[in-house]
Amino acid sequence: MVSKKFTYKDSGVDLEISDQVVKSIQPLAERVRRPEVIADIGPFSGMFELKNFKKPVLVSASDGVGTKLKIAFMVNKHDTIGIDLVAMCINDIITSGAEPLFFLDYIATGKIKPDKITEIVKGIVKGCKIAGCSLIGGETAEMPGLYNTDDYDLAGFAVGAVEKDDIIDSKYVESGDVIIGLASSGLHSNGYSLCRKIFFDEYKLSPFSHINCLNRPLFQELLEPTKIYVNAIKTIKKDFQIKSIANITGGGFIKNIPRSIPKEFQANIYEYSWDIPQIFKVIQNMSGLEYHEMFNIFNMGIGMTLVVSSKDADEILKRLTDTNNQAFQIGKISRLKSKNRVVFINKN
């Protein structure tokens with residue numbers, strides 16, 4: 001027997017606010033609208049007309065931001081976390097040589113707060129602009145009871161395309177090839193469960209704490225957006241062959257570089273061949289982790305690696321430097337000599 005008439009809003013879901021959020025997202029998405037986009041934000045699906053490809057292969061990736069979100073919650077700063085969401089997906093699809101085409105997002109929260117959602121989407125739009133892709137749709141879900149009122153989670157989905165004959169798939173990798181590392185912007189979006197345990201659980205630091213060797217508050221270091229490498233890859237691809245690309249994400253060097261080279265080869269990484277950012281040194285000192293163990297968790301200042309011919313390496317490094325992309329020659333490829341696919345060696 002029902003003694004009271006309930007509405008959906010009584011359960012914690014406000015459909016009117018949801019509609020307001022969709023309307024506020026539309027002008028933001030227009031900022032990164034490519035000419036191939038057919039439908040506006042709002043219909044049940046996004047549409048994208050594939051042009052300018054003769055034998056296109058679609059490339060897709062889906063990812064999230066992980067517990068980096070918790071830092072955003074702690075300081076109530078949500079305008080950059082969307083860049084991370086785009087980067088985590090886009091940096092995966094460009095490893096095949098794909099051009100990013102469009103992106104979709106999923107935002108789930110306990111209570112839709114339009115200002116907060118708008119800040120998140122502003123970051124997503126900025127990430128799409130850097131990547132050169134369109135934001136063509138998504139979903140904002142209000143789920144009271146599953147998420148706390150102020151909490152949210154993010155997921156992203158990206159699609160790109162590459163000519164079938166231009167796919168980067170490591171088949172041309174050979175012994176003697178050079179490994180070039182593209183500098184990261186910091187932690188990117190990996191290792192945050194460990195970081196939070198060290199900084200906030202063990203050492204009881206505030207996100208606003210200042211650590212001597214860091215030039216800004218801790219939360220700014222931890223929320224530094226993940227670098228998106230689309231322009232760096234485009235700069236090289238138009239004139240040089242890239243034999244393989246690895247996105248140095250979860251699992252660090254140890255797990256990601258082997259994914260980008262054939263099983264009969266190993267990556268020999270030159271120790272101390274680039275400047276490791278201070279944040280990683282802070283984490284190592286405070287955690288007691290061994291130097292090489294850090295490479296199994298973090299990017300250690302290298303967000304993406306490229307395998308190129310030794311004859312092209314110097315010119316590629318110059319091209320990257322000239323276009324404001326910090327890069328280093330960090331290793332070489334050789335035939336597999338042991339069970340380890342990544343080996344740290346002295347360059348000299």
Side-chain angles (χ1 to χ4, degrees), residues 53-55 57 59 87 90-100 130-132 160-185 227-249 252-253 256-276 295 299-337 341-348:
F53 288 89
K54 296 177 181 178
K55 294 191 292 181
V57 174
V59 182
I90 294 297
N91 285 343
D92 275 346
I93 69 171
I94 63 175
T95 62
S96 65
E99 174 189 347
I130 296 169
V162 60
E163 292 287 0
K164 189 173 183 179
D165 295 337
D166 295 334
I167 294 173
I168 298 172
D169 59 5
S170 80
K171 64 184 176 183
Y172 297 111
V173 171
E174 58 186 349
S175 184
D177 283 342
V178 167
I179 303 171
I180 289 176
L182 299 177
S184 72
S185 55
K227 188 173 179 62
I228 297 172
Y229 293 98
V230 172
N231 290 330
I233 300 303
K234 280 185 178 179
T235 294
I236 305 166
K237 262 188 68 179
K238 63 183 179 182
D239 293 316
F240 302 97
Q241 180 189 32
I242 304 175
K243 298 187 178 185
S244 78
I245 304 176
N247 182 19
I248 309 303
T249 180
F253 279 63
N256 288 296
I257 292 180
R259 297 167 63 186
S260 70
I261 59 177
K263 293 181 179 179
E264 64 269 25
F265 294 103
Q266 69 182 42
N268 302 290
I269 302 298
Y270 302 139
E271 292 193 289
Y272 311 109
S273 56
W274 70 94
D275 293 328
I276 295 175
F295 285 83
N299 67 60
M300 300 300 284
I302 299 295
M304 188 163 278
T305 60
L306 319 177
V307 175
V308 302
S309 172
S310 59
K311 67 180 177 62
D312 294 331
D314 288 343
E315 186 58 37
I316 288 173
L317 284 167
K318 183 178 184 303
R319 178 74 59 86
L320 287 166
T321 300
D322 290 345
T323 53
N324 297 316
N325 293 287
Q326 191 176 15
F328 313 89
Q329 183 172 327
I330 67 166
K332 63 181 179 181
I333 299 294
S334 70
R335 286 280 172 179
L336 190 64
K337 300 174 183 177
R341 303 283 311 286
V342 177
V343 178
F344 293 88
I345 64 172
N346 189 313
K347 187 176 182 178
N348 299 322

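We number each residue from 1, following the sequence as shown.
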- Distance, nearest 0.5 Å, that separates CZ of Phe328 from OG1 of Thr321: 8.5 Å
- Item | Side-chain (Lys55) to main-chain (Asp165) donor-acceptor, under 3.5 angstrom | no
- Query: Can you name the nearest heavy-atom pair linking Lys237 to Gly97, along with the distance?
  - Reply: NZ-O, 2.8 Å
- Message: Tell me the closest heavy-atom pair linking Val342 and Ile269, and the distance in Å.
- Response: CG1-CG1, 3.9 Å
- Leu320 versus Ile180: any side-chain heavy-atom pair under 4.5 Å? yes
- Message: Under a 3.5 Å threshold, yes or no: a donor from one side chain and an acceptor from the other, between Asn247 and Thr249?
- Response: no
- Test side-chain contact (heavy atoms from CB on, under 4.5 Å) applied to Tyr172 - qualifying residues, sequence neighbours left out: Gln241, Lys243
- For Lys238, which residues count as a side-chain contact (heavy atoms from CB on, under 4.5 Å) partner, sequence neighbours excluded? Arg319
- Note on the structure: Hits for side-chain contact (heavy atoms from CB on, under 4.5 Å) against Ala161, two or more places apart or cross-chain, chain-then-number order -> Leu50, Phe53, Leu58, Leu101
- So how far is it from Lys318 NZ to Thr323 OG1, rounded to the nearest 0.5 Å? 10.0 Å
- Residue pair Glu174 / Asp177: nearest heavy atoms and the distance that separates them: N-OD2, 2.8 Å
- Closest non-hydrogen contact found for Ser184 with Tyr229 is CA-OH, 3.3 Å
- State, yes or no, whether a side-chain contact exists between Ile345 and Tyr270 at a heavy-atom distance under 4.5 Å. yes
Output a table of donor-acceptor pairs, distance under 3.5 Å, between side-chain atoms of residues 259-268 and any protein atom two or more places apart or on a different chain; print 'none' if there are none.
unit_1 : atom_1 : unit_2 : atom_2 : d
Arg259 : NH1    : Asn256 : OD1    : 2.9
Ser260 : OG     : Ile257 : O      : 2.8
Gln266 : OE1    : Lys337 : N      : 3.0
Gln266 : NE2    : Asn268 : OD1    : 2.7
Asn268 : ND2    : Lys332 : O      : 3.4
Asn268 : ND2    : Ser334 : OG     : 2.8

- Do the side chains of Pro100 and Val230 get nearer than 4.5 Å, heavy atoms only? yes
- Atom pair NZ (Lys164) and CG (Asp166), whose distance is rounded to the nearest 0.5 Å: 12.5 Å
- Query: Can you tell me how far CD of Glu99 sits from CD1 of Ile94, rounded to the nearest 0.5 angstrom?
  - Reply: 11.5 Å
- Task: Indicate the atoms forming the closest heavy-atom contact of Val162 with Ser96, along with that distance.
- Result: CG2-O, 4.1 Å
- Less than 4.5 Å apart, any side-chain heavy atom of Ile228 and any of Asn91? yes
- Task: State, with a plain yes or no, whether a side-chain heavy atom of Arg341 is found less than 4.5 Å away from one of Leu336.
- Result: yes
- Query: Of all heavy-atom pairs between Phe253 and Ile330, which one has the smallest distance, and what is that distance?
  - Reply: CE2-CD1, 4.0 Å
- Query: What do you reckon, is CD of Glu163 surrounded by more than 12 foreign heavy atoms closer than 6.0 Å?
  - Reply: yes
- For Thr235, which residues count as a side chain to side chain donor-acceptor pair (under 3.5 Å) partner, sequence neighbours excluded? none
- d(Asn346 CG, Ser273 OG) to nearest 0.5 Å is 10.5 Å
Determine all donor-acceptor pairs shorter than 3.5 Å in which one atom belongs to a side chain in residues 300-313; sequence neighbours excluded.
unit_1 : atom_1 : unit_2 : atom_2 : d
Ser309 : OG     : Lys311 : N      : 3.4

- Step through the shown structure and confirm whether more than 12 heavy atoms of other residues, nucleotides or ligands are within 6.0 Å of CG on Asp322. yes
